[in-house]
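One structure is given below, encoded as structure tokens.
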Amino acid sequence: MSWWTEEQDDVLREVSFRGAAFAAAEIERRCGVRHSVRAVEMRASRIHCSLAVQTVCPQCGAVGVKINRQTGMCPLCTERYHLEQERAFNEQLERERAHTEESAELEEVRRERDMMRQRNSRLCRKYGLKGRRERRGAPDVG
């Protein structure tokens, strides 16, 4: 029978939320002293340390929080994850918008449209035809 040290008690308190078996293995790993699972349970009871297994967020390490089934993280980390996704999507949209507004193709299409409007305007003036605005309200004669 080996006596319990303060170091072993500290390890037990630190990892108790993972259960007795994990605590026994961790004490052996850190302190080099092997205690049975039953001995760990008895010591935890004596020092008023709960061995109830609690959930742990893998992202931030929060203990005893509800874990989201889809993300596997606590509510705060889940919201941070969704915020990062929205930021990334926003950056993608901004890049696409900038590409569309600043592209050479846009300038080319605008130039061609302006050229066609000018050509149509000249034809309307030369032959006395109705322009686009006048034709909107008038019925088609054909």
Side-chain angles (χ1 to χ4, degrees), residues 2 4-142:
S2 63
W4 285 82
T5 64
E6 284 295 318
E7 180 186 11
Q8 293 170 21
D9 285 348
D10 291 343
V11 172
L12 178 58
R13 285 186 189 99
E14 184 182 328
V15 298
S16 64
F17 65 91
R18 294 196 172 192
F22 184 87
E26 192 66 13
I27 289 169
E28 184 175 0
R29 187 182 73 78
R30 289 192 199 177
C31 304
V33 177
R34 185 171 176 348
H35 291 291
S36 68
V37 173
R38 179 73 182 134
V40 169
E41 290 170 351
M42 295 293 288
R43 184 62 182 180
S45 174
R46 175 158 257 202
I47 64 172
H48 306 291
C49 180
S50 172
L51 289 172
V53 177
Q54 297 179 359
T55 56
V56 180
C57 176
Q59 192 71 21
C60 67
V63 177
V65 294
K66 186 175 179 183
I67 300 295
N68 184 306
R69 284 185 296 143
Q70 292 176 330
T71 62
M73 296 181 284
C74 70
L76 178 62
C77 292
T78 298
E79 287 303 317
R80 286 179 180 157
Y81 171 74
H82 290 311
L83 176 62
E84 287 304 313
Q85 284 184 325
E86 289 300 323
R87 283 183 179 152
F89 183 59
N90 182 265
E91 289 173 9
Q92 178 183 353
L93 291 175
E94 288 294 330
R95 280 193 305 273
E96 290 175 4
R97 180 198 57 79
H99 174 71
T100 301
E101 287 182 352
E102 299 166 5
S103 69
E105 182 181 1
L106 176 64
E107 290 301 317
E108 182 181 323
V109 169
R110 280 186 178 157
R111 269 195 305 276
E112 186 176 346
R113 177 174 165 249
D114 290 343
M115 186 177 67
M116 290 305 296
R117 283 178 40 230
Q118 186 71 15
R119 184 180 295 163
N120 290 342
S121 175
R122 287 180 183 148
L123 282 172
C124 288
R125 280 193 310 249
K126 183 175 181 180
Y127 296 108
L129 301 172
K130 290 184 178 179
R132 220 175 179 183
R133 287 186 187 160
E134 293 105 20
R135 290 175 183 244
R136 275 195 196 146
D140 287 336
V141 179

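Computed from a prediction, not measured in an experiment: that's the story for all the values here.
Considering CZ of R135 and NZ of K130, their distance stands at 8.0 Å, rounded to 0.5 Å. Atom NE2 of H99 sits about 10.0 Å away from atom CG of L106, to the nearest 0.5 Å. Interatomic distance, M42 CE to R46 CZ, rounded to the nearest 0.5 Å: 8.0 Å. How far CD of Q8 is from CD of E26: 12.5 Å, rounded to the nearest 0.5 Å. Rounded to the nearest 0.5 Å, atoms CG (N68) and SG (C74) are 9.5 Å apart. Note that OG1 of T78 and CD1 of I67 are 7.5 Å apart. Values are rounded to the nearest 0.5 Å.
When atom types are taken as modelled, the side chain of Q118 and the backbone of M115 share no donor-acceptor pair closer than 3.5 angstrom. Remark: side-chain polar atoms of T55 are not paired, donor with acceptor, to backbone N or O of K66 under 3.5 angstrom.
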Q: Any chance you could lay out the side-chain contact (heavy atoms from CB on, under 4.5 Å) test for N120 and R132, step after step, and finish with the verdict?
A: CA-CA 9 Å; N120 290 342; R132 220 175 179 183; over 6 Å; no
Q) How far apart are the C-alpha atoms of W4 and V40, what are their side-chain angles, what is the distance that settles it, and do they pass the side-chain contact (heavy atoms from CB on, under 4.5 Å) test? A) CA-CA 10 Å; W4 285 82; V40 169; 4.0 Å; yes
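With a 6.0 Å radius and a threshold of 12 heavy atoms from other residues, nucleotides or ligands, E112 has its CD atom at or below the threshold. The number of heavy-atom neighbours closer than 6.0 Å to CD of E84, taken from other residues, nucleotides and ligands shown, is above 12. Sparse packing is recorded around CD of Q70, with 12 or fewer heavy atoms of other residues, nucleotides or ligands lying under 6.0 Å away.
Taking all atoms of both residues into account, the shortest heavy-atom contact from V11 to C31 is CG2-SG, 4.2 Å. For M73 against C77, the heavy-atom pair with the smallest separation is CB-CB, 3.8 Å. In terms of heavy-atom proximity, V15 sits nearest to A23 at CG2-CA, 3.7 Å. In this structure, L51 and A20 approach most closely via the heavy-atom pair CD1-CB, 3.8 Å.
The pair R111-D114 does not meet the salt-bridge criterion, since no charged nitrogen lies less than 4.0 angstrom from a carboxylate oxygen.
Results of the side chain to side chain donor-acceptor pair (under 3.5 Å) test with Q92 over R95, E96, E94 single out E96 as the only residue that passes.
Contact check for L76 versus C60: no side-chain heavy atoms found under the 4.5 Å cut-off.
In this structure, a donor-acceptor pair under 3.5 Å is absent between the side chains of S121 and R117.
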